Structure formats: C-alpha cells, structure tokens
Amino acid sequence: MLGGVESTNVKESQRAGAEPAAQDGGERPRRTGSTSAPPRPLSAGTGAAVALCLAVALAHVLLVFLHVAPPNAVSRAYSSQIRAWVLPVFEQNWRLFAPNPQSVNRQISARTRRTAPDGTAQVSHWVDLTAMDDSAVKHNVFPSHTAQNMLRQAWNSYLKTHSGDDQPRSERALMMQKYLRNIATDRVAAQRGGTFEAIQLRVITLPIAASGAAGGFRRAAAAPTQAETRYLPWWKVASHGTD
C-alpha cells in the first residue's frame with residue numbers, strides 16, 4: 001500500500017510540474033535537425049538568372065574575340081552581327097599596348113548659321129573647340145578624359161570613315177558624322193546660347209616639327225610646312241543641334 005501511494009504521489013507531482021511549463025510557454029515547437037529550405041520558385045529564379053548572366057558573358061567574350069581576331073570563316077559569316085554587338089560601345093584597339101603618338105597638331109573650330117527675321121543668313125564667328133579642351137586640361141592635376149580625347153578621337157574616327165568629299169558611305173560613317181556634329185553643336189550652344197540652324201567645322205592641321213637628333217646635335221632646320229585647312233560642309237541641326 002505504501003508503495004502504491006508513493007508511486008501515485010510521484011505521478012501527481014510530475015503531472016503538477018509539467019502543467020505550469022505548458023501554461024507558461026504554451027505549446028513548444030518540436031526541434032528538428034534540418035533547417036527550412038528556400039522556396040522552390042526563388043531557387044529556380046536565381047538559377048535562371050545566373051545561367052542567363054553566364055550565357056551573356058560567354059557570348060560577349062566570343063563576339064569580342066571574333067572582332068579582334070584575324071579574319072576567318074566565322075567572323076566573315078557573322079560580320080554584321082559582330083559589328084552590331086561590338087560597335088560602338090565595345091570597340092577594341094591596341095593603343096594601350098602600342099600607342100600611336102600624334103604627328104600633327106589640329107585646331108578644330110566651329111561656326112553656326114541662322115536665318116534672320118528679314119530672311120538673310122547670319123553666320124557667327126569661329127569658336128575654337130580645341131582651345132576649350134586645352135584650357136580644361138592645362139594646369140589641371142586630374143584632367144577629364146572627355147576634355148582630352150572626345151573631340152580628338154571623334155575627328156580621327158571621322159577621317160577613317162570619310163573620304164575627301166565628306167560623304168558618308170556606310171552606317172558607321174553616318175554615325176561618326178552625327179557624333180562629331182553633336183559634340184560641336186553642344187559645345188557651341190553651351191558657350192553662346194541662342195538658336196541656329198546649321199553648323200560648320202574647320203580643321204587646321206599643322207605637322208609637328210622633328211625633334212633633335214641623338215647626342216645633342218640638332219638637325220638642320222627643315223623648310224616650314226604649310227598648315228592644311230579643311231572646311232567641312234554645313235550640317236543642318238535641330239534646336240541647339242540635338243536630335
């Protein structure tokens with residue numbers, strides 16, 4: 001009897017001790033050894049995004065490689081697709097490793113034309129665009145890449161895509177013509193303001209004189225080379241030259 005009473009008291013005490021724990025903490029969640037996995041749609045979307053990025057990166061590397069590689073059967077067969085992807089944003093050249101220093105100095109100027117109320121054409125004075133870039137670079141510890149190269153590279157690309165008659169014969173030539181025109185138009189409009197209907201560029205090219213020979217002896221003074229002046233045709237522009 002005593003054993004039965006003792007066991008009954010132990011069970012009641014255990015039950016009494018368990019009841020407050022359930023009342024205080026409520027129903028306790030069961031612990032499991034594994035963590036919850038992310039939702040399946042999220043995992044599938046992340047995998048698809050990673051696969052798409054890898055595919056675009058591989059396609060970009062392949063197209064750029066075909067662009068810079070020597071002409072071959074693949075690059076000739078897909079030349080239009082390669083040019084459409086690479087030009088003009090991803091254009092490659094080797095000037096970083098084999099720079100081609102300038103052998104001439106160029107002064108690029110621009111002037112504008114507008115129609116007066118009486119119907120006469122009014123032509124402005126020349127604006128020296130090269131001098132504007134030089135002033136932005138001179139005495140500047142960290143000159144802007146735009147001031148150093150934008151106008152110069154635009155003109156170099158124009159020379160490569162145009163002949164002496166200044167007529168664009170390809171889509172790239174037309175693109176470079178618009179690019180050069182818009183650069184000049186934006187700069188003239190920012191300096192002078194007002195409205196105009198057409199713009200013209202003038203490029204004065206002067207060869208750089210040869211440096212002295214090695215050993216401190218200078219060469220005999222060569223005959224001065226006359227500067228070459230080239231006038232581009234008048235290009236029509238929209239309001240302030242923006243398309």
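On a predicted model such as this, the values are computed, not experimentally measured, just so you know.
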inquiry  = Let's go through Glu197 and Thr115 carefully: what are the C-alpha distance in whole Å and the side-chain angles of both, what is the deciding distance for side-chain hydrogen bond (donor to acceptor under 3.5 Å, both in side chains) to 0.1 Å, and is it a yes or a no?
reply    = CA-CA 8 Å; Glu197 302 163 357; Thr115 303; 2.8 Å; yes

Name every donor-acceptor pair, under 3.5 Å, that has one atom in a side chain of residues 137-151 and the other anywhere in the protein, sequence neighbours excluded.
{"residue": "Asn140", "atom": "OD1", "partner": "Phe142", "partner atom": "N", "Å": "3.1"}
{"residue": "Asn140", "atom": "ND2", "partner": "Ala136", "partner atom": "O", "Å": "3.3"}
{"residue": "Ser144", "atom": "OG", "partner": "Thr146", "partner atom": "N", "Å": "3.1"}
{"residue": "His145", "atom": "ND1", "partner": "Asn149", "partner atom": "ND2", "Å": "3.0"}
{"residue": "Gln148", "atom": "NE2", "partner": "Ser144", "partner atom": "O", "Å": "3.3"}
{"residue": "Asn149", "atom": "OD1", "partner": "Arg152", "partner atom": "NH2", "Å": "2.4"}

key: Over all atoms of both residues, closest heavy-atom pair of Met176 and Ala154   = CE-O, 4.3 Å

task = Give the minimum heavy-atom separation between Asp166 and Gln177, together with the two atoms involved.
result = O-NE2, 3.9 Å

key: Approximate separation, where rounding is to 0.5 Å, of Ser109 OG and Gln200 CD   = 11.0 Å

ask   = Do Trp126 and Val188 share a hydrophobic cluster, counting only Ile, Leu, Val, Met, Phe, Trp and Tyr and linking them when any side-chain heavy atoms are less than 4.5 Å apart?
value = no

message = Quick check: do Trp234 and Val123 have side-chain heavy atoms less than 4.5 Å from each other?
response = yes

key: With Asp165 via side-chain hydrogen bond (donor to acceptor under 3.5 Å, both in side chains) - residues at least two apart   = Ser163, Arg169

message = What I'd like to find out is whether the side chain of Arg106 reaches to under 4.5 Å of the side chain of Trp155, using heavy atoms alone.
response = yes

key: Contact summary for Gln122 and Ala116, nearest pair of heavy atoms   = NE2-CB, 3.3 Å

request  = Would you please name every residue forming a side-chain hydrogen bond (donor to acceptor under 3.5 Å, both in side chains) with Trp85, sequence neighbours left out?
outcome  = His60

query = Does any non-hydrogen side-chain atom of His162 lie less than 4.5 Å from one of Pro168?
reply = yes

key: Criterion side-chain contact (heavy atoms from CB on, under 4.5 Å) on Asp133 and Leu129, from CA distance to verdict   = CA-CA 7 Å; Asp133 287 346; Leu129 305 180; 5.8 Å; no

query = Are Leu232 and Leu159 connected in the hydrophobic side-chain network, where two residues link if heavy atoms are under 4.5 Å apart?
reply = yes

query = Between Ile204 and Tyr158, is there a shared hydrophobic cluster once you connect ILVMFWY residues whose side-chain heavy atoms come closer than 4.5 Å?
reply = no

query = Looking only at heavy atoms, what is the nearest atom pair of Met132 and Ser135, with distance?
reply = O-OG, 2.8 Å

message = side-chain contact (heavy atoms from CB on, under 4.5 Å), that's the test. Do Ile199 and Arg181 meet it? Break it down for me.
response = CA-CA 8 Å; Ile199 192 169; Arg181 181 200 64 189; 4.0 Å; yes

Verdict with reasoning, Leu201 to Leu180, per side-chain contact (heavy atoms from CB on, under 4.5 Å) = CA-CA 9 Å; Leu201 297 185; Leu180 181 62; 3.6 Å; yes

inquiry  = Any non-hydrogen side-chain atom of Val203 less than 4.5 Å from a side-chain atom of Thr205?
reply    = yes

remark   = side chain to side chain contact (heavy atoms under 4.5 Å, CB included) test vs Ile82 passes for just one of Leu63, Leu62, Val74, Leu87, namely Leu63

query = Gln107 pairs by side-chain hydrogen bond (donor to acceptor under 3.5 Å, both in side chains) with which of Asp128, Asp134, Thr130, Thr229?
reply = Asp128

request  = Calculate, to the nearest 0.5 Å, the distance between atoms CZ and CZ belonging to Arg192 and Arg187 respectively.
outcome  = 15.0 Å

inquiry  = Main chain of Gln153, side chain of Ser157: is a donor-acceptor contact present, judged purely on distance under 3.5 Å?
reply    = yes

message = Would you say that His67 contacts Ser75 through its side chain, given a criterion of any heavy-atom pair below 4.5 Å between the two side chains?
response = no

inquiry  = One pair to check against side-chain contact (heavy atoms from CB on, under 4.5 Å): Ser124 and Thr112. What are the steps and the verdict?
reply    = CA-CA 5 Å; Ser124 67; Thr112 60; 3.0 Å; yes

